[in-house]
Amino acid sequence: MQLLAGIKKVTRQLEVGINHDIENEELLKVDPNPSELTLNPGGSSEIRVSIENRGDEDLEDVTLEINEVSGINVQIQGFGTIDELGSGKSRSIPVEITANANAGSGVKEIFIRAKSDDLVSSEKSIKVNVEKSSSSGLLGIAMLGFAVLVLVFVVRKFGRR
């Protein structure tokens, strides 16, 4: 920021929005949409993170930072750094979120922010709800019951001769 005769002037501003849902005007912003994502263990989903420079100066070396969460893999597709982001320009970055096959059920929170030199966005989060499919448990019980019935049938038909 520059201070001219007691008047503050914003000269640099960077905003990050997920899936193009931009609401507030902060200097640097991350805005997730959807704010919650549901995945089965082993499942994945791709979201798009848009980074927009809303200031009046070009920004260099803009990076997207995502925290590590156990049971969840987050992969930034393509590039990790934007070399130069002009004033009023934006870029969209695909991010793939994958729940590990052994991930436990529950809600896990991923924090995302953008950074350029000394300018850092506020952190926003995406909640990832890992749900184990209840139908797979019922299928397993049904298969076990079927195996017992087949075993009983075989023993009655061919057993004790």
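All of these numbers come straight from a predicted model, not from anything done at the bench.
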How long is the gap from CG on L59 to NZ on K115, to the nearest 0.5 Å? 14.0 Å
Contact between I82 and I93 at the side-chain level, heavy atoms closer than 4.5 Å - yes or no? yes
Distance (rounded to the nearest 0.5 Å) between D61 CG and D117 CG: 6.5 Å
Determine whether K127 and K108 make a side-chain contact, defined as any pair of heavy atoms from C-beta on separated by less than 4.5 Å. no
Heavy-atom side-chain proximity of S45 to L39 below 4.5 angstrom: yes
May I ask whether I72 and F111 are part of the same hydrophobic cluster, defined by side-chain heavy atoms of I, L, V, M, F, W, Y residues being less than 4.5 angstrom apart, directly or through others? no
Looking only at atom types and distance, does a side-chain atom of S87 sit under 3.5 Å from a main-chain N or O of D58, one as donor and one as acceptor? no
Going only through I, L, V, M, F, W and Y residues with side-chain contacts under 4.5 Å, is there a path from V62 to I76? yes
Could you check V130, N129, V128 and say which one makes a side-chain contact (heavy atoms from CB on, under 4.5 Å) with T38? N129
At what distance, to the nearest 0.5 angstrom, does OG of S125 lie from CD1 of I66? 12.5 Å
Is V150 reachable from F158 through a run of hydrophobic residues whose side-chain heavy atoms are each under 4.5 Å from the next? yes
Distance col, row L37:CG vs I126:CD1, nearest 0.5 angstrom, shows 7.0 Å
Evaluate the side-chain proximity of V69 to E109: yes if any heavy-atom separation is below 4.5 Å, no if none is. no
Minimum heavy-atom separation for A103 to G71, with atom names? CB-O, 3.5 Å
Reported CG-to-CD distance for the pair L119 and E57, which is rounded to 0.5 angstrom: 10.0 Å
Contacts of N67 meeting side chain to side chain donor-acceptor pair (under 3.5 Å) (sequence neighbours excluded), chain-then-number -> none
Under a 4.5 Å cut-off applied to non-hydrogen side-chain atoms, are R113 and V120 in contact? yes
Please tell me whether F146 and V154 are part of a single hydrophobic cluster in this structure, the criterion being side-chain heavy atoms less than 4.5 Å apart. yes
In Å, rounded to the nearest 0.5 Å, how long is the span from CD of Q75 to CD1 of I97? 11.5 Å
Are R91 and L85 side-chain neighbours, meaning at least one heavy-atom pair lies under 4.5 Å? yes
